[in-house]
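Below: one structure, written as structure tokens.
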Amino acid sequence: MSAAALGENAAVPVRLDHALIDYLDKLTLENVSDVSIDAVAQAAGVSRASAYRHFGDRDGLLFKAAMELTRQHARVAIEYQPESASVAAKLEEAFASSARQARIDKVLRLLLLTRRPQAIDDAVRALSLDIMGPLYRQAQLDGEVREDLSVAEI
């Protein structure tokens, strides 16, 4: 749902989050450096001050985008998991889904190809581990994945 479709009655943080993803979706790699809190505030129809309270700074804005994109990406990867498949097959499908999404999702490509603070990469890894960790642990319990590595190492 676009930020405009939410309407003025939606909570400011929700409008800002939707406006951010809409705004990023319109960018190209050439103008990704133009991402600004002011532009997202304008797209959401909220004050600049509200946007700065919500995002903090540009790195906060990029952090928020990275977390939301990771969540969306994980939902897509998990959605296509066959119920009857082995844990190893589910992991394989999650990786394949990730590769497909990285090729077709422009916003995800922008995130992957642009420079970003290390904190964003660290947070994306942690969120990915939270999402995929249970699958890895189950695979270890079922004997489908090596047990000599921690879930974080996998």
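In what follows, every heavy atom counts, from backbone to side chain, and hydrogens, waters and symmetry copies are set aside.
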In the structure I gave you, are the side-chain heavy atoms of Tyr23 and Leu61 within less than 4.5 Å of one another anywhere? no
Using the test side-chain contact (heavy atoms from CB on, under 4.5 Å), find all partners of Ala126 that sit at least two apart in sequence or belong to another chain. none
So how far is it from Phe63 CZ to Asp121 CG, rounded to the nearest 0.5 Å? 11.0 Å
What residues, two or more places apart in sequence or in another chain, satisfy side-chain contact (heavy atoms from CB on, under 4.5 Å) together with Asp142? Val87, Gln138, Glu144
Pair up each side-chain donor or acceptor in residues 40-52 with any protein partner under 3.5 Å, not counting sequence neighbours, and list the distances.
residue: Ser47; atom: OG; partner: Ser50; partner atom: N; Å: 3.0
residue: Ser47; atom: OG; partner: Ser50; partner atom: OG; Å: 3.0
residue: Arg48; atom: NE; partner: Asp38; partner atom: OD1; Å: 2.8
residue: Arg48; atom: NE; partner: Asp38; partner atom: OD2; Å: 3.3
residue: Ser50; atom: OG; partner: Arg53; partner atom: NH2; Å: 3.3

For Pro13, what residues pass the side-chain contact (heavy atoms from CB on, under 4.5 Å) criterion, not counting sequence neighbours? Ala11, His54
Quick check: closest heavy atoms across Ala39 and Ser36, and the distance to 0.1 Å? N-OG, 3.0 Å
Mind checking side chain to side chain donor-acceptor pair (under 3.5 Å) for Asp148 and listing every partner two or more places apart, or none if nothing turns up? Arg146
Listing request: all salt bridge (Lys or Arg N to Asp or Glu O under 4.0 Å) pairs with a residue in residues 122-137, at least two apart in sequence or in separate chains. Asp122-Arg125
About how many Å separate CD1 of Ile37 and CZ of Arg58, when rounded to the nearest 0.5 Å? 9.0 Å
Suppose we screen for side-chain contact (heavy atoms from CB on, under 4.5 Å). Which residues come up paired with Glu153, at least two apart in sequence or across chains? Leu149, Ser150
Which of Asp22, Leu16, Leu24 passes side chain to side chain contact (heavy atoms under 4.5 Å, CB included) with Leu20? Answer is Leu24
CG-CD distance between Leu135 and Gln140, expressed to the nearest 0.5 angstrom: 11.5 Å
Trace of the side chain to side chain contact (heavy atoms under 4.5 Å, CB included) decision for Asp17 with Glu68: CA-CA 8 Å; Asp17 291 345; Glu68 181 54 31; over 6 Å; no
